[in-house]
Protein chains: 2
Amino acid sequence: MKRNFDVNHFVEELSKNCAITEIKKFKKDEIITTYLIRRNQMFILLKGEAYLARYDSEGNRRIIYYLKKNDVFGEAFYKIHTNRELFVVAKKDCEVLMLPYETLENCNKDCMFHITLLKNLPDLILNRVADINYRTELLTNKSIKGKLLSYLNNLAIENNSKKFEIPISLSELADYLVVDRTAMMKQLKKLQDDKIISKNKNKITILKDDLLNEV
Amino acid sequence: MKRNFDVNHFVEELSKNCAITEIKKFKKDEIITTYLIRRNQMFILLKGEAYLARYDSEGNRRIIYYLKKNDVFGEAFYKIHTNRELFVVAKKDCEVLMLPYETLENCNKDCMFHITLLKNLPDLILNRVADINYRTELLTNKSIKGKLLSYLNNLAIENNSKKFEIPISLSELADYLVVDRTAMMKQLKKLQDDKIISKNKNKITILKDDLLNEV
DNA sequence: AAAAATCTGTTGTAAAAACAACAAAAACAA
DNA sequence: TTGTTTTTGTTGTTTTTACAACAGATTTTT
């Protein structure tokens, strides 16, 4: 069950074969799409980073999640359930593959691009599902400490090492874990005081064997 | 983009056509599957209710999420990221469609069951994704009040009415929102005192126009 | 029909987290 | 390189939440 498919590898096919699909570029902070006005499109992030966010009545931004290379997104993955819009915003300069939903299956039969895309779409979606599932599991921790330990434990496994770097800023991490940043800093400090981890900026070393026992 | 497919409608095809796939029954509290030992199976819940949970070293259960009729699940939707097992447990008596992953695409060509299944699998998965996305959005609320209001607001939209019933027990709701039940009860009481909602057991009436402005 | 289990509801207390207000360091842009 | 913005880091205060301990109502099981 390999799932290492990179969309960029076959995008060059696109320019040669497919007239329907297009790639659009977005500058930092530009709105890529919204989720309330139904656009019947699917999107794949080819380059850059983006996030899905909601804005409340006071203009506060709440980040639902971050999107990275190869992530699929679009309203197809969401049900309408509020009168407030969801925005996908470019966090850095982005390149986005725009896929009109209705043409997904009935493009030209010879279109190598669509053949390859359809073959790999399930895997792209499964990857996305795995990401969301993972975040959900993080968020089922009731305490900041629990969220942190789950997150760090996972990073250690991914890096196959007890020494690793947190790949996002600590501010972003606080957003991702849905906690106040300064409260998170206090917990990080406590983890150091208790000799469970050591830390220098974003560099972490895990000192205990089984982090999850510490929750 | 209709997504109302019900697996049960074509399950009778199964018994006539397909020798590979099987349906298993599970009694309440039985373990349907685990997610760490790779079984390379996908599952569809035909009847009953189940939940995905993790147990910590003290035996405390943490529910990652609930599964309902037509939900697809299995380790394909998850990445391995911890040394502690995930369990799918029957909450009520269940009927589960067991789909060995490798046979998904190469069953007998005449097998109407697999043809129909493959045609509808993407929609089943998208439904699942929508559910998880929705829950994630709920969990991005920092306060119990915010979680409650998002949840209730959604129910009002789904029911197309300001009067509706919470379809799960309040204990389950607290689990779902990842908050302490008694703390949630206090917030529910406060919402009543502030005349934002009225409530009798699980029956809710929303008294304000735009709940999300109250967060 | 009785017993057991689950669910709703309440209260007080302890613990945790959010919020606010800064300062220094680092990264980025003009 | 200088100014601007973002990020890391710390500390006190206030608010929120979890936890514990109940009791009555409801549902499920035997």
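Naming convention: chains lettered A, B, ... in sequence-line order (proteins, then strands); numbering from 1 in each chain.
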Asks: Tell me: CZ of A:R181 to C1' of C:dA18, nearest whole Å?
Replies: 13 Å

Asks: Once you apply the 3.5 Å cut-off to both distances, tell me the Watson-Crick or G-U wobble partner of C:dA30, or none.
Replies: D:dT1

Asks: Round to the nearest Å and state the distance from A:K190 atom NZ to D:dT10 atom C1'.
Replies: 17 Å

Asks: Can you tell me how far C1' of D:dT8 sits from CG of A:L173, to the nearest Å?
Replies: 13 Å

Asks: Quick check: any donor-acceptor pair below 3.5 Å linking the side-chain of B:K186 to the base of C:dG12?
Replies: yes

Asks: So which one's nearest nucleotide on DNA chain C is more toward 5', A:K201 or B:Q192?
Replies: B:Q192

Asks: Under a 3.5 Å threshold, yes or no: a donor from one side chain and an acceptor from the other, between A:Y151 and A:R135?
Replies: no

Asks: Out of D:dG9, D:dT11, C:dA17, which has the shortest distance to the side chain of A:L170?
Replies: D:dG9

Asks: Look at B:S171 and C:dT8 and indicate whether a side-chain polar atom (N or O) is within less than 4.0 Å of OP1 or OP2.
Replies: yes

Asks: How many Å lie between NZ on A:K203 and P on D:dG9, as a whole number?
Replies: 12 Å

Asks: Round to the nearest Å and state the distance from B:N202 atom CG to D:dA25 atom P.
Replies: 17 Å

Asks: In terms of side-chain geometry, is the basic nitrogen of B:D193 or B:K190 positioned less than 4.0 Å from the acidic oxygen of its partner?
Replies: no

Asks: A:M185 has an atom CE; how far is it from atom P of C:dA23, in whole Å?
Replies: 17 Å

Asks: If you assign each of A:T182 and B:A183 to its closest nucleotide in DNA chain D, which residue comes earlier from the 5' end?
Replies: A:T182

Asks: May I ask you to say whether B:R54 pairs ionically with A:E137, meaning some side-chain N is under 4.0 Å from a carboxylate O?
Replies: yes

Asks: Determine: side-chain N/O of A:Q187 to OP1/OP2 of C:dA17, distance under 4.0 Å, yes or no.
Replies: yes

Asks: Does a side-chain N or O of A:S143 approach OP1 or OP2 of D:dA18 to a distance below 4.0 Å, or not?
Replies: no

Asks: Quick one: do the B:R62 and A:N141 side chains pair a donor with an acceptor below 3.5 Å?
Replies: yes

Asks: Over how many whole Å does the gap from B:N200 atom CG to C:dC7 atom C1' extend?
Replies: 14 Å

Asks: How do A:K142 and A:K28 order along DNA chain C: which one's closest nucleotide is nearer the 5' end?
Replies: A:K142

Asks: Decide, yes or no, whether a salt bridge links B:D71 with B:K68 under the criterion of side-chain N to carboxylate O below 4.0 Å.
Replies: yes

Asks: CG of B:D180 versus P of C:dA17: gap in Å, rounded?
Replies: 13 Å

Asks: Scan B:K199 against the nucleic acid and name what it touches under 4.0 Å (heavy atoms): base, sugar-phosphate only, or nothing.
Replies: sugar-phosphate

